[in-house]
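Below is one structure, written out as structure tokens; the observations come after it.
Since we're looking at a predicted model, the values are computed, not measured.
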Amino acid sequence: MLSRRRKADAPPPAPLAHGPWPEESFAGAAGQIVSFFGDDGIDLAGARLADIGCGDGVTDLGVFQQARPALLVGFDLTPVDTGALAARAAAQGVATSLPDGLRFEVCGPEHLPAADDSFDHVFSWSAFEHVVRPNAVLREVRRILRPGGTLMIQLWPFYHSKHGSHLWDWFPDGFAQLLHDPFEVERRVLEEPEKGPGWTVELLEAFRELNRLTLDDLHRALLHAHFSVVKLELLHEPFHIAPELSHFPLSLLAVAGVKLLAVPA
């Protein structure tokens, strides 16, 4: 669902982010998710929630603590190491154990192991830029979302935007994916792995697997899955345009990301 990789029958658990406790995921991303629903009067307390592309589970723990849903299931291609997550959360003093209502499930690239109409609301944070077949994934989301439910998607960064390579530690000026041959990008990253946050191989793998989804592509995929977008926030920042980029549509370069709410049509 989240990449082109084909996992083995028993893949290793997804590692927690290296380095300090990722407060930007635990509090920052989680807070934005809860607020984006809440600003539209959608109270997640007591609800049944699903996260598409949960990664290491840190954001889901943050959402659970802030929103207090009845159930939150994080789906990803790779299993979450719940033992490591619980131990690290306890070490940081943010949780003594994982909540009973927080669960994680391994999913397929185009299948979610959940019954029809299972969840009140679904969200996805910084995952859809990795999805190989957005139409198929969104059809699955539509299937597991109950009538009257809401989908939230945050996608950052879009491929053609400044930081679309995901390699900003090596290319702080941005647009490496448009200005350089992929082999040149990889060579420069491998020559200076110490610049990155500590998981250079994983970042390069993600770089190879990025889709080139645009905002309009995402909208078409949502329509194809019978969703209607009801709220939209564009994410952007100032940037300089190199002469080599002058032929790209400004809308591609300028839209760095998006947050949206969609409901079943």
Side-chain angles (χ1 to χ4, degrees), residues 1-26 28-30 51-62 74-89 91-92 104-110 124-134 137 153-178 180-213 256-257:
M1 180 175 299
L2 304 181
S3 76
R4 300 178 187 276
R5 287 175 289 177
R6 291 295 177 261
K7 301 293 190 294
D9 290 340
L16 283 171
H18 299 246
W21 176 256
E23 192 67 18
E24 70 281 0
S25 298
F26 175 71
D51 176 16
I52 310 303
C54 64
D56 57 22
V58 171
T59 297
D60 285 350
L61 177 59
F75 294 100
D76 209 302
L77 286 176
T78 305
V80 173
D81 188 338
T82 54
L85 175 60
R88 199 162 177 211
Q92 293 293 320
F104 299 99
E105 299 281 351
V106 176
C107 63
E110 299 175 17
S124 180
W125 185 271
S126 285
F128 262 83
E129 68 268 28
H130 303 284
V131 171
V132 179
R133 302 184 189 280
V137 173
I153 293 177
Q154 183 264 24
L155 193 163
W156 185 93
F158 280 109
Y159 179 83
H160 296 89
S161 65
K162 179 178 179 179
H163 296 302
S165 71
H166 288 59
L167 300 172
W168 45 82
D169 289 293
W170 291 271
F171 299 94
D173 293 335
F175 297 111
Q177 72 284 12
L178 304 181
H180 306 291
D181 180 276
F183 297 104
E184 170 65 13
V185 171
E186 294 201 23
R187 183 188 65 78
R188 289 176 58 176
V189 169
L190 290 171
E191 283 182 350
E192 298 183 281
E194 70 281 356
K195 280 190 174 182
W199 57 96
T200 301
V201 173
E202 292 90 338
L203 284 171
L204 282 177
E205 188 171 7
F207 169 67
R208 298 183 196 109
E209 296 165 352
L210 291 169
N211 62 38
R212 302 193 178 195
L213 197 70

Min side-chain heavy-atom separation [X]-[Y] under 4.5 Å:
| X | Y | value |
| --- | --- | --- |
| L213 | V131 | no |
| H160 | L178 | yes |
| V185 | W170 | no |
| V189 | L203 | no |
| P109 | V132 | no |
| N211 | H130 | no |
| Q154 | W125 | yes |

Atom [atom1] of [X] and atom [atom2] of [Y]: how far apart are they, to the nearest 0.5 Å?
| X | Y | atom1 | atom2 | answer |
| --- | --- | --- | --- | --- |
| E205 | T200 | CD | OG1 | 13.0 Å |
| S126 | I153 | OG | CD1 | 11.5 Å |
| Y159 | F207 | OH | CZ | 5.5 Å |
| L77 | C107 | CG | SG | 5.0 Å |
| L204 | L167 | CG | CG | 6.0 Å |
| E129 | L210 | CD | CG | 7.0 Å |

Q. What residues, two or more places apart in sequence or in another chain, satisfy salt bridge (Lys or Arg N to Asp or Glu O under 4.0 Å) together with E191?
A.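 Partners of E191 under the salt bridge (Lys or Arg N to Asp or Glu O under 4.0 Å) test: R187.
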Q: Sequence neighbours left out, what passes salt bridge (Lys or Arg N to Asp or Glu O under 4.0 Å) with R188? Give chain and number order.
A: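 Applying salt bridge (Lys or Arg N to Asp or Glu O under 4.0 Å) to R188 gives none.
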Which pair of heavy atoms, one from [X] and one from [Y], lies closest together, and at what distance?
| X | Y | value |
| --- | --- | --- |
| G62 | A30 | C-CB, 3.5 Å |
| P157 | G164 | CG-CA, 3.8 Å |
| G74 | C54 | C-SG, 3.6 Å |
| S25 | V58 | CB-CG1, 4.0 Å |
| L85 | V80 | CD2-CG1, 4.5 Å |
| S124 | F128 | OG-CD1, 3.5 Å |

**Q.** Test applied, ring pair (Phe, Tyr, Trp, His ring centres under 6.0 Å); reference residue, F171; option that passes from H180, H166, H163
**A.**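 The ring pair (Phe, Tyr, Trp, His ring centres under 6.0 Å) with F171 is passed solely by H180 among H180, H166, H163.
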